[in-house]
Amino acid sequence: ANPLGLFIAKQLKGDQEVVIIDGNRELVAEAKQQGYKTVHGNILKEETMEDAGAIEKGTFIALTGNSEINLLAAQLADDAFFIPNKIVLVSPNENGADVELLDKVDATSMFADKTELEPWSHRISTGNYEENKQKIEEETTTREWVKEHQNKNADFLPVMIINTEGQKRPFHYNDDILPGEQVLYLS
């Protein structure tokens with residue numbers, strides 16, 4: 001329930017039920033106050049995932065600052081709850097072995113790149129960011145979109161893809177962006 005997680009939850013809330021799980025009672029209370037269904041508990045415990053109704057979910061997003069916890073939680077989401085879409089935050093300081101685990105649990109990296117959680121959480125909590133949208137003219141992949149924008153501006157974070165009907169999906173590695181869709185990104 002960090003600020004970045006709450007921002008993403010806010011983007012997804014209208015299209016699907018969002019459940020926020022956190023081990024920090026204060027963050028859970030804040031998320032609950034903002035109208036989210038919440039579960040206080042350890043994300044690496046099956047009981048916590050059960051309380052969140054994980055068996056009924058189509059997407060699992062792990063956004064802690066610890067890549068190892070994110071990957072282990074995605075593995076639990078895969079092994080015990082068969083959640084088809086697993087998206088995790090991978091920190092820049094992670095090594096190749098952790099990235100290999102993404103493939104083992106059929107997960108992808110949120111933002112289609114390694115990303116440091118704290119700077120973006122801080123910017124969101126202090127309001128020091130802008131929301132931008134870019135309409136896509138030619139089909140591309142999320143990874144290509146990131147590479148193209150890294151050349152122009154290192155200070156951006158792609159968060160959502162908005163399809164032509166206005167439905168949002170998380171921006172993650174291994175996704176295609178079609179003509180007419182928009183990328184919602186922070187700068």
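Throughout, residue positions are numbered sequentially from 1 according to the sequence presented.
The environment of Lys37 atom NZ is dense: over 12 non-hydrogen atoms of other residues, nucleotides or ligands sit within 6.0 angstrom. Heavy atoms from other residues, nucleotides or ligands lying under 6.0 Å from NZ of Lys45 number 12 at most.
In the hydrophobic clustering of this structure, Phe60 groups with Ile69; members are Ile, Leu, Val, Met, Phe, Trp, Tyr whose side-chain heavy atoms approach within less than 4.5 Å, directly or through other members.
Applying the 4.5 Å side-chain rule to ILVMFWY residues, one finds Leu4, Leu6, Phe7, Ile8, Val18, Ile20, Tyr36, Ile61, Leu63, Ile87, Leu89, Met110, Phe111, Leu117, Trp120, Ile124, Tyr129, Leu157, Val159, Met160, Ile162, Leu184, Leu186 in the same cluster as Leu12.
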Please list, one pair per line, the donor and acceptor atoms closer than 3.5 Å that link side chains of residues 166-173 to other protein atoms, with sequence neighbours excluded.
{"from": "Gln167", "atom 1": "OE1", "to": "Asn163", "atom 2": "ND2", "distance (Å)": "3.2"}
{"from": "Lys168", "atom 1": "NZ", "to": "Gln11", "atom 2": "OE1", "distance (Å)": "2.8"}
{"from": "Arg169", "atom 1": "NE", "to": "Asp175", "atom 2": "OD2", "distance (Å)": "2.8"}
{"from": "Arg169", "atom 1": "NH1", "to": "Glu181", "atom 2": "OE2", "distance (Å)": "3.0"}
{"from": "Arg169", "atom 1": "NH2", "to": "Asp176", "atom 2": "O", "distance (Å)": "2.8"}
{"from": "Arg169", "atom 1": "NH2", "to": "Glu181", "atom 2": "OE1", "distance (Å)": "3.1"}
{"from": "His172", "atom 1": "ND1", "to": "Thr108", "atom 2": "OG1", "distance (Å)": "2.8"}

Tabulate below the donor-acceptor pairs under 3.5 Å that side-chain atoms of residues 46-54 make, not counting sequence neighbours, or state none.
{"from": "Thr48", "atom 1": "OG1", "to": "Asn42", "atom 2": "N", "distance (Å)": "3.4"}
{"from": "Thr48", "atom 1": "OG1", "to": "Asn42", "atom 2": "O", "distance (Å)": "2.9"}

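Across every non-hydrogen atom of Ile55 and Ala80, the tightest pair is CD1-O, 4.4 Å. Of all heavy-atom pairs spanning Asp22 and Val28, the tightest one is O-CG2, 3.4 Å. Closest approach of Ile43 to Ala73, counting heavy atoms only: CG1-CB, 3.7 Å. In terms of heavy-atom proximity, Ser91 sits nearest to Ser67 at N-OG, 2.7 Å.
Here the side chain of Arg143 pairs a donor or acceptor atom with the backbone of Ala112 at under 3.5 angstrom. Counting only distance, with no hydrogens or angles, the side chain of Lys86 and the backbone of Ala62 share no donor-acceptor pair below 3.5 Å.
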